[in-house]
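Letters A, B, ... are given to chains in the order of the sequence lines, protein chains preceding strands, and every chain is numbered from 1.
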Amino acid sequence: MDTLTYFKKRFEQLGNANGNGLSAIRRNAFDAFSKMGVPTSRHEEWKYTRISSLFNKEYEIPGETVESGISPADLDGIRLPGYGEANELFFVNGIYSPELSVVRSPELQVQNLEKAAAGEHAAWIKAQLGHSATYLKDGINALNTAFAHGGAFLKVKKGSITEHPVYIYNITDARGRNMLSQPRSLIHVTENAQVSIVETYASFGKEESFSNQVMEVVMERDAMLEYYKIQNDESRTGQVSTTHIRQSGKSHVHAVTVTLGGKMVRNNLNIVMEEQHSEAHMYGFYFPEGDAHVDNHTIVDNVAPNCYSNELYKGVMKENSTGVFNGKIFVRQQAQKTNAYQSNKNILLSPDATINTKPQLEIFADDVKCSHGCTVGKLDEEGLFYLRSRGVPESIARSLLLHGFALDVLEQIRPEHIRTYVDRLISERLELL
Amino acid sequence: MIKIKNLHAGIEGKQILNGIDLDIRPGEVHAIMGPNGSGKSTLASVLAGREDYEVTKGSVEFLGRDLLELKPEERAGEGLFLAFQYPVEIPGLSTINFIKTAVNEVRKYKGQEPLDAVAFLKLMNEKMALMNMDKTLLSRSLNEGFSGGEKKRNEIFQMAMLQPKLAILDETDSGLDIDAIRIVANGVNKLKSSDNAILVVTHYQRLLDYIVPDFVHVLYNGRIVKSGSKELALELEEKGYDFIKNENPTINEPAWTR
């Protein structure tokens, strides 16, 4: 059975099972996917990242309920530090599991996405889900949307500060079968509310594990979001992770993406600044090894005037690994007084490592401050000699320099538990521990 | 302590040192002076083990070992220290972490246990006081955004922490005002003892008013063309380097221009 036929069969099976508020968008998305298929390298946005080969296998696409042998004991091995005080949301094979999840903060409302779409939030969800409509232009996003069942809806109460962070675990259970998990979530940060989200990914089992995630965040006026994506999955897993954030006036986003694991990782971080005085800070650090591939695509779309965005992505490419950075800043004609900055810096540790970096500015307004730039280089030889001349062996000196290179991104992780945890992962890879 | 014999070295095919002979014994302070391009910094770099330089002839024996066979970090472990003319800025590595790593790596090299936190802090506080260093520098990235004076003080502070047998000061006075020179020189003088030695590389005599040398050598065209007591430095200051050039009429161009 070819890929499309298989997806179609599964789509029909699952589609019949739920006649709820998401049917229309899912049908549209499936039609879009049928036309576009999985993106190939002929697609400009997928030029350097080939995922079509991942679809040469047959994957299990789970139904609405969690059909997995994941036990609480399995979870202990993947929990993030500080979980005892955090809100924990578990997605298993793309399906949100209320049984495994713990919601501690009264400011948070978490529900199954379909249930929310059928209940009091029906109108809002209908207006928001897939609002960006990128699923109509991007096959892989369309695939997620077509199978958007068992997702989660998260709402942060107006004017509240969620003291405890929200940890989201995206688990793929590929024990004994190839598994395609497609987590979907819609997050509503209401007016003047504040929340911190930490996402991570884990695969179990030795079969093919592929995760195709879409998260949409809607931020009302004066809302504040901290968003940390920590990717340290097994080295044979594939992952496409799309986060789409809409910002209303004076809202503030602080996002940090750290990619250390996974065989093929593609992140899309799209921020649309729809109203004035919105602010976004985006940081990234990627450190692939072996033959891993990491691709970060970001978009900042300045629709309204007087917005500010700053972006710093740094990468270290080891061995045969490849990296891609593609950062787009759009400044629409009416978006005067935009301040938008972007920087991408890379260190190649081996002659076989590759980075394709492409910063892009498209400016249609005439009174803006924008800059972009990228660097690709080797480790600073002068710095290396300086440290060695003080008695520090070469291997340690290299590690210290690389750790220092990562530090200004690492420091942007504000929750101490998570910062310490990521620092330890990076230091382990640098053999500094 | 160090015996340099007929040392020839260059970079990228350009010959810069054309046969240096120098013997430094414990307790001595030597100064190497010379005009720009004479090879002063090259000599310092070759001794510290900078890999861009190639030694084409000659030998260097340091405390009985063949220095040229050692990696830069091994040279530091054996007790060689180079105070850089341009200390390197290292983003994201705090001064204190760097010092701690360096001190303990050198101890490891010598087969000593690492210093515990208390002993390390005690040593550090003592040496910071010696160098009149601002404590806030410790938590900042190494040399990043430091003023010229702070960078040079930090070099001597590192020297104080590592307690080398032979310290080479490469134009440590360049870019410093007189107050900063006094602080740096005072630090160096306090570290001087009968079993270590100092090699001061400088263009100007004024540093030598504060770090008083036992011997002064004039480097020209990659060779030591004149050696003497500290009075030689004063003579150079008075007459300028032209008098050296006039005394060596056969070589009037820097080696690398030929």
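Annotation: B:Q112, atom CD; neighbour count of heavy atoms from other residues, nucleotides and ligands within 6.0 Å is above 12. Heavy atoms from other residues, nucleotides or ligands lying under 6.0 Å from NZ of A:K314 number more than 12. Other residues, nucleotides and ligands contribute over 12 non-hydrogen atoms within 6.0 Å of the CD atom of A:Q360. More than 12 heavy-atom neighbours from other residues, nucleotides or ligands sit within 6.0 angstrom of CD on B:E126.
Within residues 284-299 of chain A, no residue has any heavy atom less than 4.5 Å from a heavy atom of chain B.
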Before you tell me yes or no, could you show the steps for B:Y53 and B:T42 under side chain to side chain contact (heavy atoms under 4.5 Å, CB included), namely the whole-Å CA-CA distance, both residues' side-chain angles and the distance that decides it to 0.1 Å?
CA-CA 8 Å; B:Y53 292 88; B:T42 298; 3.6 Å; yes
Take B:Y86 and B:E171 through the side-chain hydrogen bond (donor to acceptor under 3.5 Å, both in side chains) test and state the conclusion after the steps.
CA-CA 9 Å; B:Y86 305 107; B:E171 310 229 2; over 6 Å; no
Pair A:N346, A:N344 - check side-chain hydrogen bond (donor to acceptor under 3.5 Å, both in side chains), show working.
CA-CA 7 Å; A:N346 299 283; A:N344 174 232; 2.9 Å; yes
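The parts of A:Y386 that come within reach of chain B are both its backbone and its side chain, each placing non-hydrogen atoms under 4.5 angstrom from that chain. Proximity to chain A (any heavy atom under 4.5 Å) is shown, for B:R50, by both the backbone and the side chain. Residue A:L410 does not touch chain B at all, counting heavy-atom pairs closer than 4.5 Å. Within the 4.5 angstrom heavy-atom criterion, atoms from both the backbone and the side chain of B:P87 approach chain A. Contacts between B:L142 and chain A at a heavy-atom distance below 4.5 Å involve the side chain alone, from C-beta outward. For B:N143, the part sitting under 4.5 Å from any heavy atom of chain A is the side chain, from C-beta outward, and nothing else. Of the two parts of A:E381, neither the backbone nor the side chain holds a non-hydrogen atom closer than 4.5 Å to a non-hydrogen atom of chain B. Interface remark: B:Y109 contributes no atoms to any contact with chain A (heavy atom separation under 4.5 Å).
With chain A as partner, the option from B:P72, B:A76, B:S141 having the largest number of non-hydrogen pairs under 4.5 angstrom is B:P72. When the candidates A:L407, A:D380, A:V392 are compared by the number of heavy-atom contacts under 4.5 Å with chain B, A:V392 comes out ahead. Of all the listed residues (B:V103, B:I90, B:I99, B:N104), the one sharing the greatest number of non-hydrogen pairs under 4.5 Å with chain A is B:I90.
A:E431 and A:S395 are not linked by any side-chain donor-acceptor pair at a separation below 3.5 angstrom, with hydrogens and angles left out of the test.
Between B:E155 and A:R390 there is a salt bridge, since a side-chain N of the basic residue sits under 4.0 Å from a carboxylate O of the acidic one. Look at A:E226 and A:R414 and you find a salt bridge, because one of the NZ, NE, NH1 or NH2 atoms lies within 4.0 Å of a carboxylate O, short of that distance.
The side-chain heavy atoms of B:M1 and B:F62, taken from C-beta on, include a pair separated by under 4.5 Å.
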